[in-house]
Amino acid sequence: MKATVLHAPRDIRLDDVPDPTILRPSDALVRVTASCVCGSDLWPYRGINEVPKPRQIGHEFVGVVEAVGTDVRTVAPGQFVIAPFVFSCGDCSRCRFGMQTSCVKRGSGWGGTDGDGEPVPACQGEFVRVPYADGTLVATPELPSDELLPSMLALSDVMGTGWHAAHRAGVQQGETVVVVGDGAVGLCAVLAAVRMGAGRVIAMSRHAPRAAVATSFGAADIVAERGQEGAERIMELTGGVGADRVLECVGTAESMEQAFAAVRPGGTIGYVGVPHGITLPIEKMFRDNINVAGGVAPVRHYLEALRDDVLDGTIEPGVVFDLTLPLAEVAQAYRAMDERRAIKVMLRP
């Protein structure tokens with residue numbers, strides 16, 4: 001089959017790789033109908049994360065089940081399924097606690113190995129072997145329309161990750177929320193905060209197309225300033241108080257500093273950006289009773305509820321996909337994301 005392989009920084013190719021097959025009774029084989037490029041894929045693409053050797057890449061996809069192992073009970077051939085960006089067994093204590101991203105059988109993830117040490121394809125390709133299908137995949141009642149497909153794909157990562165930021169921050173009815181980061185996760189965090197009942201959402205964005213999406217998702221204010229100027233603008237908008245909750249959706253030292261500058265004493269920062277070079281200001285946290293909560297999002301825990309919100313029209317996170325390309329043009333998809341010419345790129349066969 002064809003699959004995306006990162007050979008070196010900024011060297012993305014669509015290569016021939018071995019076809020995946022059912023290896024365990026708990027496996028499913030899924031034909032990918034849509035995948036996408038994630039902001040976190042750009043860390044190794046840009047060389048910020050080391051790329052010691054060529055490897056398959058991609059961790060978000062939806063598709064149709066082609067075959068299942070003899071132990072699989074919850075999905076069947078012909079069903080459309082959403083795959084979270086981390087596979088999980090669904091049975092261990094961590095999965096039962098809703099922390100599927102810490103599953104004892106998670107292995108090294110898509111493009112690596114499962115908990116039994118067997119190789120697992122990454123997701124920007126034609127087919128994927130899904131370990132622990134019952135604990136991982138979530139089916140829809142019927143095949144989604146082309147209009148619904150982007151939103152279904154958004155549930156595999158960015159919508160669930162944005163939701164996790166809002167959930168861990170503890171967004172409550174009527175509160176003021178600031179979102180730091182205007183990538184797909186940050187925009188979905190705006191949508192999540194609004195869905196949770198925030199009274200006012202302030203999105204930090206200096207890119208007009210992204211700011212427009214944030215506004216369409218319910219952001220009341222857009223702050224283009226950064227650093228001290230950004231902090232002053234947030235204080236101006238909040239009457240000198242600061243935000244009740246801040247959702248940090250980037251993962252850099254600068255974005256976390258911005259979050260701390262925006263939150264009020266006693267407030268909470270929910271963080272989901274993959275951390276790079278961040279040191280938390282413990283003394284400020286102590287002095288101002290600032291809470292920090294978050295981490296890698298257990299998307300599987302939220303998936304059924306978010307699926308239903310999409311199906312009944314409550315949310316439309318697929319708006320974050322502003323460019324669709326064929327899988328054969330995956331290198332162009334990465335360039336578009338890297339150069340910020342696209343918010344998020346969907347790949348179709």
Side-chain angles (χ1 to χ4, degrees), residues 1-3 17-36 55-144 149 152-157 159-161 164 296-308 310-311 349:
M1 72 168 185
K2 297 288 187 183
V17 302
D19 292 336
T21 59
I22 299 290
L23 297 179
R24 303 287 188 192
S26 57
D27 288 349
L29 182 65
V30 178
R31 173 174 53 84
V32 177
T33 57
S35 61
C36 53
R55 65 177 179 88
Q56 288 188 45
I57 193 169
H59 53 262
E60 303 160 275
F61 79 99
V62 294
V64 176
V65 177
E66 292 282 299
V68 297
T70 55
D71 289 349
V72 176
R73 297 290 180 265
T74 62
V75 297
Q79 283 189 300
F80 180 90
V81 290
I82 307 161
F85 70 87
V86 173
F87 49 78
S88 53
C89 73
D91 292 326
C92 70
S93 61
R94 298 174 182 185
C95 287
R96 293 197 300 272
F97 291 147
M99 284 290 117
Q100 290 90 339
T101 43
S102 297
C103 174
V104 298
K105 292 187 177 180
R106 66 171 291 179
S108 58
W110 304 114
T113 58
D114 62 23
D116 298 316
E118 295 287 354
V120 183
C123 304
Q124 293 165 11
E126 295 179 315
F127 292 89
V128 177
R129 178 181 77 87
V130 180
Y132 325 117
D134 285 339
T136 301
L137 297 173
V138 171
T140 58
E142 56 189 28
L143 293 175
L149 188 63
M152 291 297 174
L153 180 57
L155 300 186
S156 68
D157 185 345
M159 185 62 221
T161 298
H164 189 58
V296 59
V299 168
R300 180 63 182 81
H301 183 61
Y302 309 123
L303 198 42
E304 282 100 339
L306 293 176
R307 174 203 59 191
D308 293 346
V310 168
L311 290 175

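Heads up: numbering here begins at 1 and tracks the sequence.
You'll find the side chain of Phe80 reaches within 4.5 Å of the side chain of Pro144, heavy atoms only. A 4.5 Å side-chain heavy-atom check between Pro349 and Glu126 finds every atom pair outside the cut-off. Counting heavy atoms from C-beta on, the side chains of Val64 and Leu143 come closer than 4.5 Å. For the pair Leu311/Met152, a side-chain contact is recorded, criterion being any heavy-atom separation below 4.5 Å from C-beta on. Contact annotation: the side chain of Val120 approaches that of Pro131 to within less than 4.5 Å [non-hydrogen atoms, C-beta and beyond]. By the 4.5 Å heavy-atom criterion applied to side chains, Cys95 and Arg300 are not counted as neighbours.
Between the CG atom of Leu306 and the CE atom of Met159 there is a distance of 5.5 Å, given to the nearest 0.5 Å. Note that the CD1 atom of Ile82 and the CG atom of Leu303 stand 5.0 Å from one another [nearest 0.5 Å]. With values rounded to the nearest 0.5 angstrom, Thr140 atom OG1 is found 7.5 Å from Arg307 atom CZ.
Listed here is the closest heavy atom pair of Arg24 and Asp27: N-OD2, 2.8 Å. Closest approach of Cys123 to Val128, counting heavy atoms only: CA-CG2, 4.0 Å. Counting all heavy atoms, side chain and backbone alike, Val32 lies closest to Gly125 at CB-O, 3.4 Å. For Val17 against Ala3, the heavy-atom pair with the smallest separation is CG2-CB, 3.7 Å. Closest approach of Gln124 to Cys36, counting heavy atoms only: NE2-O, 3.0 Å. Residues Gln56 and Ala122 come closest through the heavy atom pair OE1-N, 3.2 Å.
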I would like to know whether Tyr132 and Asp116 meet side chain to side chain contact (heavy atoms under 4.5 Å, CB included); could you show each step before the answer? CA-CA 11 Å; Tyr132 325 117; Asp116 298 316; 3.8 Å; yes
Applying side chain to side chain contact (heavy atoms under 4.5 Å, CB included), run through Val30 and Leu137 and close with a yes or a no. CA-CA 10 Å; Val30 178; Leu137 297 173; 4.1 Å; yes
Checking Val299 against Val86 for the side chain to side chain contact (heavy atoms under 4.5 Å, CB included) test, could you report, in this order, the C-alpha distance in whole Å, the side-chain angles of both residues, the deciding distance, and whether it holds? CA-CA 8 Å; Val299 168; Val86 173; over 6 Å; no
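Take Asp114 and apply the side chain to side chain donor-acceptor pair (under 3.5 Å) test, not counting sequence neighbours, and it matches Arg129. Residues that satisfy the side chain to side chain donor-acceptor pair (under 3.5 Å) test with Gln100, not counting sequence neighbours, are absent from this structure.
Using the six-membered ring where Trp is involved, His59 and Phe85 have ring planes that are perpendicular, over 60° apart on the 30 and 60° scheme. Under the 30°/60° scheme for interplanar angles, the aromatic rings of Trp110 and Phe87 are found to stand perpendicular.
Counting only distance, with no hydrogens or angles, the side chain of Ser88 and the backbone of Gly135 share a donor-acceptor pair below 3.5 Å. Here the side chain of Arg94 pairs a donor or acceptor atom with the backbone of Ser102 at under 3.5 angstrom. When atom types are taken as modelled, the side chain of Gln79 and the backbone of Val65 share no donor-acceptor pair closer than 3.5 angstrom. With Ser108 contributing its side chain and Thr113 its backbone, the two residues share a donor-acceptor pair below 3.5 Å.
Using modelled atom types and a 3.5 Å distance limit, the side chains of Asp134 and Thr74 yield a donor-acceptor pair.
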